[in-house]
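Have a look at the structure below before the remarks.
Quick caveat: nothing in here was measured; it's all calculated off a predicted structure. By convention in this document, chain letters (A, B, ...) are assigned in the order of the sequence lines, proteins followed by strands, and residues within each chain are numbered from 1.
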Amino acid sequence: MKKGKIAPRYDFAKIEKKWQKIWQEKKLFEIKLDGAKKPFYNLMMFPYPSAEGLHVGGVYTYTGVDTFGRFKRMQGYDVFEPIGLDGFGIHSENYAMKIGEHIDEVSKRTEKNFYRQLGSIGNMFDWSRTVETYKPEYYRWTQWIFLQMFKKGLAYQKKAKVNWCPSCKTVLSDEQVIQGQCERCDSFVDKRELKQWFFRITKYADRLLKNLDWIDWPEDVKTNQRNWIGRSEGANIKFKVEYTGEEKSELEVFTTRPDTLFGATYMVLAPEHELVNKAREAIENFDEVERYAKKAISKSEQERKNDEKTKTGVELKGVSAINPVNGDKIPVWVADYVLAGYGTGAIMAVPAHDQRDFEFANKFGIEIRQVVAPYFPAKKTSDLPVREDRKTVKRNVVYGVVKNPKTGKFLMISWKDYPGKSFIIGGAKDNEDIINAARREVTEETGYANLKFVKKSQFEIHASYFAVHKDENRYGVINWVYFELADETKKEIKKEDEGKHKIFWVKEKEVDKELPYTNYHYAWKTLTSGKECATDNGIMINSGFLDGLKTDEAKTKILKWLEKEKVGKKSIDFKLRDWCVSRQRYWGPPIPIVWCKECAKKENKTKVLFLHGFEGNGECNWFPELKKKLEKAGCEVFSPTMPSPESPKFEEWMNEIKVYMDKMGENDVIVGHSLGSGAAMHYLGRTNQKLKKVFLVAAAVGDGPRRDWDALRKAWPTADVDSLEKFWKHKIDWKSVNKSVLKETRVIFSKDDPYIDPEHYKLVDLDDVVLEKWDGLKHFITASCPKLTDYITENIVGDISPVAVPVPDESLPVELPPMENFLPEGTGKGPLARNEEFVKTTCPVCGAEAERETDVSDPFVDSSWYFFRYPSTEFNDNAFDPERTKKWLPVDSYIGGKEHTVLHLLYSRFVTMVFKDLGLIDFEEPYKRFFGHGLITKEGAKMSKSKGNVVNPDDMIEKYGADTTRMYLRFLGDFSQGGDWRDSGVEGMSKFVKKLWTLFSELKGEGVGLGNLSMIDKTVKVVGEDLERLSFNTAVARLMEFTNWAKENKAVFNKEEAAQVRKVMALVFSPMMPHLAEEFWEKIGGKDSVCNQSWPKYNKENIIDSEIELVVQVNGKLRDKVVVSKDVKEEEAKKLALESENVQKFIEQKEIKKVIYVIGKLVNIVV
RNA sequence: GCCCGGGUGGUGGAAUCGGUAGACACGAGGGACUUAAAAUCCCUUGAACGCAAGUUCGUGCGGGUUCAAGUCCCGCCCCGGGCACCA
């Protein structure tokens, strides 16, 4: 360096500010979306900013995406790189709660700070098109999407068990529950049954799965999605169920292994299964069964987690199922290892071939029947494979396994011409007892005579191989028999057998190592572990017409049979559940639904069932009057006459009630009079039927002993009091009734009722019960009773559940009202329910007073479509403009963290498919290419505030500048794997950048000329390739090599060479260090901006060196290197290699077997 | 338990199709410049043996295929992430 010409200091702060200002002023990154010739949508995952500011992990992603985007821009694409933020949601809300501020204020501050930080990292964001989910301009369209879903039947409400954190007093989404515990406070979550809104994503399960076959995504991400969707192919099979001697009903199961049907030895129902109650009369141990089922259902997540390992269950005594394939009667159990929500909530258990069934059967001593034999066909690498041209002979084979209890060692044998050691193998004649056969073989071959039988396999193994000595294929049915040596007495071995084999005693641990074939390993494993449960494919045995088939063939055949016999059919099940989008929180888009009672009344279809009493009928008393009133109000009324009302039979009445109840549902009502009331209670106590309300008029529901039946007989000589008494004395299951009546029970009685003592009503054991004590109406046997009929009509019609009316598209958005107090209360309703002004509204259809839905939607809904909005932010008539969307979507490159690869990607794919089905777009996969990057850690540990090892991007940018930070982040590891942040690493990078800065001004071109600039071509080529496949760390390494080369030769370059080096330097560094590159570009007098330049071209010919280094190996080991011309002939190369001095040492006096030449790479001499 | 990643020097990490293992860095050691330090520059740096040329070993462990294995196959171990009684 010449004296006095010291290069100016690298003042990154000044340079970076300067260029950021210029970019903004020139609007360089505000792409003209309509005019773009080569649109390239460069998308990063929607930031979910924390109020604490940008995380260095965020910088890692965004600058990585930007480096790729800038490279694409230099390749001539019109790169659109939008930014926005996903600000709604529980995380922001919780943070605001924690610091005791209002979420609204916090969000404003967060947004400002976040955008400021993002402005400093040097990305080419288009700041004219930001999107924030909590702005009404945006969530208006989120709500609009909800409405389209609703209108298509894809959004619906249902009661569902949701995660409830007792400490946070709120509902949690599945992803906030980690191993049964609340993500925030670690309390164990409960399950609460609440009405929730759902999106019917399951309808798209097949499509979501199938498209994975062709979209350009990393395999691991696709696998994750496949597992989440969880498709399993199998069959639904119907089993007849018998109890109390008759065939009563059917039980349908789902199985993925219909081929194992012959091995089903019991059935298992989920505790919630309806058959548990349906068959209650027949279940001999119903109390026990019920106790078990109820306990299992009410188990908390914590208990479930604790009990997971142990299998529990109760048999339904008196109930059995009939296996359709062989007519076997098999027991039915209820157990909580069967889940109500999957398949049909019931299984056929095949303990021999399912791990869970196996454990269960072992515990409860249920038969285990093997129907699949593990199959081991010989492979070329071990035994000899079957020869098609030879006959096949079946052979029963025994493996005699002998242990010497004194030494703990096992007896093994080795044969000539036979690899490894084995157990004592022998054949058994067809009728021969397997134990005797094994005993005989052991004694014949080893001489040991006193063997104590321990156990034999429950399980046979099949193997096929070609037996050379017999010139035939053998098909072995193998069983093992396990003995212990009683003593070491030996008999003499036959002369002819002597010398053919040797015997050994081998330690238990080493037995496995000695065994040559997989079938031995398998046998040994089952023997030592006791787990004779084969879940893999194999050959069918003990299975009638399936015998001998392989698993796949057997599946096909049994499916055909099931369909032919009409007892089953192919069926596909998914693990994917519908997407719960309700949140009982404040900070989200209100769900745009209005609940209207008037509309409900207009379309009132409430069904009402009248149940008359003893000696009554469907048209008796005040029934006709009530019927008229109810029908006028739109109700559908059933008023049947029960079988023989004058001598009522319990069973007959139950069956008759069922006929009507089967037509009724959750919004319907029963009106019972006298004994009819009692009948209703009995019915509801015996089924899972759900009803809205029950009216019990002059109810006959009390317990028996209080009644004086003899007195009644005397007072009422014409009546069949015997029959009445019998009916009356059945016990009512109040708990079950409570579950059935969703809203309330109204009991109406008169104090002067001659038949029912008012004391009876104290026995009504219900939760929500309204007692109406009236006077002077006796037993309500009167043709007209306006007081009663008006009361009931008003109560039914006035209490119709409102219907969901969608807010009209043009009334959107339903704005989130400002609320001083936005905290959740834990009542199961969101904070919006407290805001009367918000709740009270008018129905958009009928104009009547109505109430707004108070749930808000899941933030995942917001982020499932944001990329549609970016290109269309200026359009206010639709969520996204069709033309714009056609031009810019699907997204060309989507980059984001792997942690979101399941839910977010799946949801946005689903929403895109719905858009397609709505005719809004003509593609159904939103992302052409997805790339999941890894996470960065700090010195090997996860960054977290509590550990105090968080890297603050602001600090880094202040200390080292954005360019150096960007460069270091690119260098610290493979983008897909993530990397480890080291402070010393940034320091090193900082030194490198300073060096580069100095070098750039030192390249003055005052030398004589280097003559060969092929390094430039190589760098341009390789760095370009690396950037294309997002291999940033190697690209940085190449750039460093290039820099080192330039530094070494800085004094040699002539003027022209130096100029070329400087120009390339500005260009190739620009995707990673955009500010610095702009500065370089300006220094060399470049026009325009460096980011508008093309990626440099390289000359292929310059890259190929005229001379190459050829590696010379002897037996694959490096011995020498020779320099040869690039187009050296094979002969010449081999000759040169053999002549090499060092090679001579290794090949002299040895025979050269072979010389291998790999073109342009190496010569390998085999001696 | 199941699924998906991963395991390479003192450290972060390269090695794209089975073909020179350790690119590029950090750190460390030695040296130069300096009164000194910082900064900068130069050299060494997988291990063992050797004055050296060089040789042997070496990519979690044990086998195998191959002229040749970090890379492919079989069986394990460990770490990280996800799912978890899904029939």
Nearest-Å distance once atom [atom1] is located in both [N] and [M]:
| N | M | atom1 | result |
| --- | --- | --- | --- |
| B/C3 | B/U8 | C1' | 26 Å |
| B/G46 | B/A21 | C1' | 10 Å |
| B/U71 | B/G63 | P | 15 Å |

Could you let me know what [N] is paired to, Watson-Crick or G-U wobble, both distances under 3.5 Å, or none if it's on its own?
| N | answer |
| --- | --- |
| B/G75 | B/C61 |
| B/C67 | B/G19 |
| B/A53 | none |
| B/G1 | B/C83 |
| B/U45 | B/G27 |

Query raised in the report: Do side-chain atoms of A/S571 reach the backbone of A/N236 as a donor and acceptor pair under 3.5 angstrom?
Result: no
Would a distance-only check, ignoring hydrogens and angles, find a side-chain to backbone donor-acceptor pair under 3.5 Å from A/R966 to A/P1071? yes
Of A/V1158 and A/V338, the one whose closest nucleotide on RNA chain B sits nearer the 5' end is A/V1158
Syn within 90° of 0, anti beyond: B/C26 is anti
Expected label for B/G81 (glycosidic angle, syn inside 90° of 0, else anti) would be anti
*Mind checking A/K995 for me? I need base, sugar-phosphate or nothing, with any heavy atom below 4.0 Å counting as a touch.*
sugar-phosphate
query = More than 12 heavy atoms of other residues, nucleotides or ligands under 6.0 Å from NZ of A/K959: is that the case?
reply = no
Any donor-acceptor pair, under 3.5 Å, between the side chain of A/D220 and the base of B/C4, if you only look at N and O atoms?
no
(Q) Any N or O donor-acceptor pair under 3.5 Å from the base of B/C85 to the side chain of A/K311? (A) yes
Practice prompt. Indicate yes or no: at least one non-hydrogen side-chain atom of A/H933 is less than 4.5 angstrom from one of A/S976.
Written response: no
Taking the six-membered ring for Trp, are A/Y10 and A/F12 closer than 6.0 Å centroid to centroid?
yes
